[in-house]
Amino acid sequence: ACHAGLRALQLNECSTGLVAGVNLMFAPGVGTSFAIAGMTSARGRSHTFDARADGYARGEACGGVTMRRSDGAIGVLGSAVRQDGRSASLTAPNGQAQQGLLVAALQAAGTSAALLGLDEAHGTGTALGDPPEAGALAEVHGGATQRATPLGVGAAKASVGHGEAVSGQIGVLRAC
């Protein structure tokens, strides 16, 4: 939704856009099935990019952002949306596809990775998901020897849980 709103602003299809998301957990069976599948944390907390990563914690969330032009400018420079590519399963990420998404977003923004100071990561807190994401970030943003300043990497899931349908919106709000 944020990507579509930004594109509409860039193409002058609108002057203001409202992007919102909500995730409420009404059906306990969903959480139970995720736990049985080993997707959620036995500790009840997402330990993003941490050796303790054992799954994610589900969370309820609501967030909204008004997007508009300010003096002809848009504060968000670029965005990209991609499918995660081929992988072993629904929950197994594809590191190369993640790299492609990061590169596409940088190209859309007309900037380079070296100029960014923060990446709000997906950061599930799983041993399956975090390493490919960290690898994609390192590949695109470069290591400490390739950057003038360190890249801050955060993930809202470690603080508020995985808002599932609204997790991207939470990341946008946190980064703003």
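In this chain, residues are counted from 1 in sequence order.
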In a table with atom names and distances, give each donor-acceptor pair under 3.5 Å that connects a side chain of residues 98-111 to protein atoms at least two apart or in another chain.
residue: Q98; atom: OE1; partner: E133; partner atom: N; Å: 3.4

Drop me the distance from [X]'s [atom1] to [Y]'s [atom2], to the nearest 0.5 angstrom.
| X | Y | atom1 | atom2 | answer |
| --- | --- | --- | --- | --- |
| C14 | R68 | SG | CZ | 12.5 Å |
| R7 | E13 | CZ | CD | 10.5 Å |
| L9 | M67 | CG | CE | 5.5 Å |
| H162 | I170 | NE2 | CD1 | 9.0 Å |

Search all heavy atoms of [X] against all heavy atoms of [Y] and return the closest pair with its distance.
| X | Y | result |
| --- | --- | --- |
| A158 | R45 | O-NH2, 3.2 Å |
| P93 | P132 | CG-CG, 3.7 Å |
| A165 | N23 | N-OD1, 4.0 Å |
| G163 | A61 | CA-CB, 4.4 Å |
| A156 | E120 | N-OE2, 2.7 Å |
| S79 | L6 | OG-CD2, 3.6 Å |

Applying the 4.5 Å side-chain criterion to the ILVMFWY set and letting contacts propagate, would V65 and V166 be lumped into a single cluster? no
Inset, instruction - Using the rule that two of Ile, Leu, Val, Met, Phe, Trp, Tyr join whenever any of their side-chain heavy atoms come within less than 4.5 Å, decide whether F49 and V140 are in one cluster. - result: yes
Under 3.5 Å donor-acceptor, [X] side chain and [Y] backbone:
| X | Y | result |
| --- | --- | --- |
| N94 | R86 | yes |
| D130 | G125 | yes |
| S46 | A57 | yes |

Remaining members of hydrophobic cluster (4.5 Å side-chain criterion), [X]:
| X | answer |
| --- | --- |
| Y56 | V30, F34, M39 |
| F26 | V22, L24 |
| L115 | none |

Residues 50-62 vs salt bridge (Lys or Arg N to Asp or Glu O under 4.0 Å), sequence neighbours excluded, gives R43-D54, D50-R52, R58-E164
T48 meets the side-chain hydrogen bond (donor to acceptor under 3.5 Å, both in side chains) criterion, sequence neighbours left out, with none
